[in-house]
Structures are given as C-alpha cells and as structure tokens.
Amino acid sequence: MGLKIYSTLTRKKEEFTPLEPGKVKMYVCGPTVYAKAHVGHGMSALVFDVIRRYLEYRGYQVNHVQNFTDVDDKIILRAAQEKVDPFELGERYIHEFQDHLQRLNVLPATIYPRATREMPQITEMITELVQKGYAYQVDGDVYFRVRRDPEYGKLSGRKPDEMESGARIDVDPRKEDPLDFAVWKSARPGEPFWDSPWGKGRPGWHIECSAMNLHHLGEQIDIHGGGNDLIFPHHENEIAQTESLTGKPFARYWVHHGMLQLSGEKMSKSLGNLVSIEDFLAGHSGDALRFMVLNSGYRNPLTFTDEVIAQAERGLDRLRSGLRPALPGAKGAPHESLKALGEQAEAARTGFVESMDDDFNSAGALGNLFELVRAINQVRDAGATAAELDEAQKLLSELTGVFGLRLEQEAAGEHPASAFIDLCIDLRAELRKQKLWALSDQVRDRLAQLGVILEDSKEGTTWRWS
RNA sequence: GGCGACGUGGCCAAGUGGGAAGGCAAGGGUCUGCAAAACCCUGAUCACGGGUUCAAAUCCCGUCGUCGCCUCCA
C-alpha cells in the first residue's frame, strides 16, 4: 500500500509516483503581498507544510517552491494610497509573512521566488509563446490565445464554448476573444515597469508562476498546490501556458485545499472579514491553528469559530497529557498492561501511516494519536515507570512531530523558578498535613494565578505550567 | 444562470456497500480534605423522499439547505 493523492485534474485519488524516485518537486502558490496575511493564508501554508512533512517522513526529498506575487495591480494601488514604493510595500509584507510562517512552525520552503526577480525568465517565456502563436501582441499588451489550446478547461471542467455566454462585463475590444488573458501588461505612467520586446510593462499574474516553475523545477513537476479558489482561472491558465510551450503534462498531481470559513463565509480580502495571523497569534498558539487544520480534511472547508479554536486548545492539552512523566513513586505496571501498550503503539503507528497515505487524511491519523494517548495514560495510571512509558511516548512525540506540532511546555524541572515552586509545594504539604485547608488552597490558587498548576496524588504533588 | 463541493450525536470531525473512529462539551462514577488531572461508564434511525442491492451514511434519481468558482483572492 502506498501513498494516494487526490488530484483535481482527474477528480480521483491517484497512486503517488514521483517523476524521479525518492524526490518530489512541489510548487505552491503563495500570496500576493499587498496586505497583512490572514488566517486563511496560514491555513494554506499549514496544509502544505503537513503534506511536505509527511512526504519527508515517508523518505522523499522534497524540493518545495513557494512564490510571492510581489508586483500586481493591487500592490500598485495600495502603494499609491499609502504613498510608498510598491517594492518596499511588498518587501514589508513578505518579511512579515515569513515571520508568521516561522511562528506557525512552517518549515521554510526550499526557495521563495518572486515575480520581480524572474523577469528574464518571464519575458523569455512570453517571447516563445508569441513565436509559437500561442500569444499575440496588441499595442504594449500581450494576450494568451485561449482558443489555440484545445485542452483549455481540463482542470476546472469548463469548456470555452460554454463560458462565453454569461460572463465578462467589460470585454477589451482589442482582444481576439473575450477568454484571452493577459500575460504582459503595458505600464501606465507612474507604474513600475520592466523593459520588454513589447515595451515597458509588467507580467500578468499567471505567467509568473509558469515561468518560475520552469526555471526552478523544470518542465514537469509532481505536485502543484494552492487554494481551490485558484483552480480557475489561475491554475487553468498556468497549465495552458506551460503545456502549450512544453507539450508535456505540467503537474502530475493538482492539490487544492478548501477555504477557511468564518461564520459561514469564506474569509477574503474583498469581503473584508479578515482575521489576521497576527491577531490570531496574539491570543493563541500556532499549534492551535495547526490542530484545526489537522482535525479536518484539507479539501473541505475549515470551520473557524471561537468555539472551534477553544476545542483545538483543549485537544492540544489532551495530546500533551500523553507526554507527562510517570507518577511519582511509580513501581512498574503489570506485564499485561505493558504488553497492551506495546500493541497499541504499534497499531497507532500503522493507523497513522494508513490514514496519511490515504490522501493525507490527517483527521483520521489524529484519531490514532488520541488512542495512543489514552493507552499511555492508562498504563501510567497503572503505575508504569518512566522507562516503561518511554517507547510509546517517543512514538507520540515522533508522530506529533510529523504533524509539525510542538506541544511546547516547559519541562517542570528545568525552569529557574522550579526550586521556589518546589519550596511552595513542600510548605503546602506541611499545611495539608496539619489540615489547614484554607491556607493550602490559597497557595494553590496563588500559584495558579502565576501559571503553575498543582496536582495532588497519593504519592505527592506534581506541577506543570498552565 | 453555468460549473463544482458539501450536509454524520450539543460543537468539530473520520469513515464512501456488510461492526457509525477520534476530539471538545455534558452527565454519572473511581481517586481526592476539596480541586485539578488521569481513568471507567453514558448518547447518532448518518438533511429529507424515492430507487438499486441479500446488505447503503456509503451507489443512482429527486427535493431542501449551506458553501465555493465563473471578477482580484490561500
């Protein structure tokens, strides 16, 4: 049994076989950098981070390319409004986004190409498209000739003939066909521009991804990803441009994730109902958003509400409970319990891989991890020593690590304050011995206010950070 | 209007022909001076209506509802 990936192109789950054994070429469409990134962008990055981490766990070497669109109408417009340089504006949001990715524990891509740094490749590609008759120049603009591509529409399931009727409001009369799209736009006064055979201008949105793919990954790649809102027209157009030129299938697997839903609506820049990553991280851990992503199918819409966030935080607590140390004074668990734990651990590993192999079914795999957590906690309660828990806990750490979860918690024994906390616990033990409950509860409450949770048991008191 | 996706217990969610995972919340219990944590126990005629089948949450048709794309969007 091997990995299966759902491809939008065939609308089916396909056996995953990379072009080159052991290696994966993955291109993911990144954001246009003209505003603060929102949690939907975070979700997208997390989806592909989990995919990438799992591919690496399965032994693949992943060449992960993620672009930034750093020149486009919106950037220019925004920069003009703010009276700043459009490149500086883009630069600022790129840095900010990369900082967010780090805080979300997203592994850095192999390379982050940008449209503005790939102009020779872009103009070269357009030149070829024009030479071969797939694109044509009108004044300073260049358009892709959609009708020249008999396969146009194969990704999104749209047929050019059926699209014409309803659509397009202001059709540019200079275009041969309303469906044709710009690959090069001439610069208006004051706009940033690059020199080209067609005059001063800038690339159209779709061509940059085609050119960057060609440049960094080659004519054919394994996985091309993005949000499902990019299927049409962006990815459809990328396919048209690239395959017209190379005559070869572009990407083997087209992977699209669902949109994040904020109170029943897609969160998007144009709707203005944004929650920025910054806002989210101010109140929650990166793990919380990651947990939400993991707990649902990546192709389905992701429910984003306060309640779901709270559920994610509690779910993380539960995962952490499996990593807690043996009980103080543990004498060892019965042989049968330990045997059961070993079996459960093996089942968890198998189940995890089987689920993830099935089109990255992280929600199913997460269920396996929770079952492992329960098994560990049962055996701990049965008196298992640290050594007896070790193997199962290592597995839990390993698999949550594949998910990119950090489950961060400061180890109780290593914090500079731990000696003082232990002192408080000792004093409180004395109070409890004398049954001075009010005072002992006060100690516990005050420590709780400082973020230290005390937990009493027969063998003694343990503490952890809240 | 066209194309597509989805509708599983209070909430999130896996499962796509043959025992309805898991998490959160809730209730009961064990433990505890109390609490917390952990552990045990408790709950679903799978939107609705037809059909195919020995057998359907799972396949087909229809209805209703939600959402996405068709225009910049992760």
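In what follows, chains are A, B, ... by sequence order, proteins preceding strands, each numbered from 1. Quick caveat: nothing in here was measured; it's all calculated off a predicted structure.
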*In whole Å, what separates the C1' atom of rC40(B) from that of rC31(B)?*
12 Å
_Near-strand residues of residues 428-437 of chain A, defined as heavy-atom separation under 4.0 angstrom from RNA chain B_ = R428(A), R432(A), W437(A)
*So what's rU45(B) paired with, Watson-Crick or G-U wobble, going by both distances under 3.5 Å?*
none
*Tell me which nucleotide among rG2(B), rG22(B), rA36(B) gets nearest to the side chain of R158(A).*
rG2(B)
*For rC6(B) versus rA21(B), give the span between their P atoms, rounded off to a whole number of Å.*
22 Å
*Does a side-chain heavy-atom distance below 4.5 Å link V255(A) with F48(A)?*
yes
*Please report the closest heavy-atom contact between V84(A) and L89(A), naming both atoms and the distance.*
CG2-CD1, 4.0 Å
*Can you tell me the distance, in whole Å, between the CG atom of D359(A) and the P atom of rA14(B)?*
12 Å
_H224(A)/Y253(A) aromatic ring centres below 6.0 Å_ = no
*Check: rC72(B) base within 3.5 Å donor-acceptor of D72(A) side chain*: no
_Within the 4.0 Å heavy-atom criterion, would you say H256(A) contacts the bases, only the backbone, or no part of the nucleic acid?_
nothing
*Take atom OH of Y6(A) and atom P of rC6(B), then tell me their distance rounded to the nearest Å.*
8 Å
*If the plane angle is over 60° it's perpendicular, under 30° parallel, otherwise tilted; pick one for F304(A) and F280(A).*
tilted
*Contact class for L230(A) vs. all strands (heavy atom < 4.0 Å): base, sugar-phosphate, or nothing?*
sugar-phosphate
*Return the nearest nucleotide to the side chain of D456(A); candidates are rG33(B), rA74(B), rA37(B).*
rG33(B)
*Does OP1 or OP2 of rA14(B) have a side-chain N or O of N295(A) closer than 4.0 Å?*
no
*With the side chain counted from C-beta on, respond yes when I223(A) and Y27(A) share a heavy-atom pair under 4.5 Å apart, and no when they do not.*
no
*Mark yes or no for a side-chain to base donor-acceptor pair under 3.5 Å between Q261(A) and rC67(B), with no hydrogen or angle criteria applied.*
no
*With rounding to whole Å, what would you report as the distance between rG19(B) and rA55(B) at their C1' atoms?*
13 Å
*OP1 or OP2 of rA21(B) sitting under 4.0 Å from any side-chain N/O of N361(A)?*
no
*asked:* So, under a plain 3.5 Å distance rule, would you say the side chain of Q311(A) forms a donor-acceptor pair with the base of rG23(B)?
replied: yes
*asked:* Using a heavy-atom cut-off of 4.0 Å across all strands, would you classify L369(A) as base, sugar-phosphate, or nothing?
replied: nothing
*Interatomic distance where NE2 belongs to H41(A) and C1' belongs to rC72(B) [whole Å]*: 11 Å
*Could you tell me the separation between the CG atom of L289(A) and the C1' atom of rC12(B), rounded to a whole number of Å?*
14 Å
*Quick one: on RNA chain B, does S440(A) or S156(A) contact a more 5' nucleotide (nearest heavy atom)?*
S156(A)
*Please give the nucleotide sitting opposite rG9(B) as a Watson-Crick or G-U wobble pair, both distances under 3.5 Å, or none.*
none
_Please name the nucleotide paired to rC69(B) by Watson-Crick or G-U wobble geometry with both distances under 3.5 Å, or report none._
rG2(B)
*Crowding at OH, Y57(A) (>12 non-hydrogen neighbours, <6.0 Å)*: yes
*asked:* Strictly by Watson-Crick or wobble contacts shorter than 3.5 Å, is anything paired with rA74(B), and which nucleotide is it?
replied: none
*What does E313(A) touch in the nucleic acid at a heavy-atom separation under 4.0 angstrom: a base, only the sugar-phosphate, or nothing?*
nothing
*Given Y34(A) and Y93(A), is the ring-ring contact (aromatic ring centres under 6.0 Å, His included) satisfied, shown in steps?*
CA-CA 7 Å; Y34(A) 72 93; Y93(A) 287 123; 8.0 Å; no
*asked:* Are the side chains of V308(A) and F291(A) in contact, using a 4.5 Å heavy-atom criterion?
replied: no
*Taking it one step at a time, do H206(A) and F181(A) satisfy ring-ring contact (aromatic ring centres under 6.0 Å, His included)?*
CA-CA 9 Å; H206(A) 318 296; F181(A) 56 89; 5.3 Å; yes
*Looking for any heavy atom pair under 4.0 Å, which part of the strands does G30(A) touch: base, sugar-phosphate only, or nothing?*
sugar-phosphate
*With heavy atoms under 4.0 Å as the rule, sort G297(A) into base, sugar-phosphate or nothing.*
sugar-phosphate
*In Watson-Crick or G-U wobble terms, both distances under 3.5 Å, what is the partner of rC39(B)?*
rG29(B)
*Do the side-chain N or O atoms of T303(A) get closer than 4.0 angstrom to the phosphate oxygens (OP1, OP2) of rA13(B)?*
yes
_For rA25(B) and R314(A) - does any side-chain N or O of the residue sit under 4.0 Å from the phosphate oxygens OP1/OP2?_
yes
*Between rG43(B) and rA5(B), how far is it from one C1' atom to the other, in whole Å?*
31 Å
_Selection from rA74(B), rG68(B), rC69(B) that lies nearest to any side-chain heavy atom of L260(A)_ = rA74(B)
*What does rG19(B) pair with, Watson-Crick or G-U, if both distances are under 3.5 Å?*
none
_Between rG17(B) and rU52(B), how many Å separate the two C1' atoms, rounded to a whole number?_
12 Å
_Any donor-acceptor pair, under 3.5 Å, between the side chain of N368(A) and the base of rG22(B), if you only look at N and O atoms?_
no
*Pairwise side-chain contact, K154(A) with L9(A), heavy-atom cut-off 4.5 Å (strictly under)*: yes
_Toward the 5' end of RNA chain B, by each residue's nearest nucleotide, L366(A) or H257(A)_ = L366(A)
*Please state the P separation for the pair rG10(B) and rG4(B) - nearest whole angstrom.*
32 Å
*salt_bridge(R202(A), D72(A)) N-O dist < 4.0 Å*: no
*Provide, to the nearest angstrom, the distance between the CZ atom belonging to R299(A) and the C1' atom belonging to rU16(B).*
12 Å
_Tell me which nucleotide, if any, is Watson-Crick or G-U wobble paired with rU52(B) when both distances must be under 3.5 Å._
none
_Less than 6.0 angstrom from the centroid, inside 45 degrees of the normal: does R53(A) satisfy that with respect to the ring of F403(A)?_
no
*Specify the separation, in whole Å, of atom CZ of F360(A) and atom P of rG15(B).*
14 Å
*Provide, to the nearest angstrom, the distance between the CD atom belonging to E236(A) and the P atom belonging to rU71(B).*
13 Å
_Selected nucleotide, minimal atom distance to R444(A) side chain, candidates rA35(B), rA74(B), rG15(B)_ = rA35(B)
_Between rG23(B) and rC59(B) - C1' atom distance, rounded Å_ = 31 Å
*Where do G227(A) and H256(A) come nearest, in terms of heavy atoms and distance?*
O-CD2, 3.4 Å
_Taking atom CD as the centre, does E391(A) end up with more than 12 heavy-atom neighbours from other residues, nucleotides or ligands that are less than 6.0 angstrom away?_
no
_Distance in angstrom units between L323(A) CG and rA38(B) P, rounded_ = 13 Å
Grab the N/O contacts between the protein and nucleotides 39-42 of chain B below 3.5 Å, and write none if there aren't any.
unit_1, atom_1, unit_2, atom_2, d
rC39(B), OP1, R318(A), NH2, 3.2
rC39(B), OP1, N377(A), ND2, 3.3
rC39(B), OP2, R318(A), NH1, 3.1
rC39(B), O4', D381(A), OD2, 3.0
rC40(B), OP1, Q378(A), NE2, 2.4

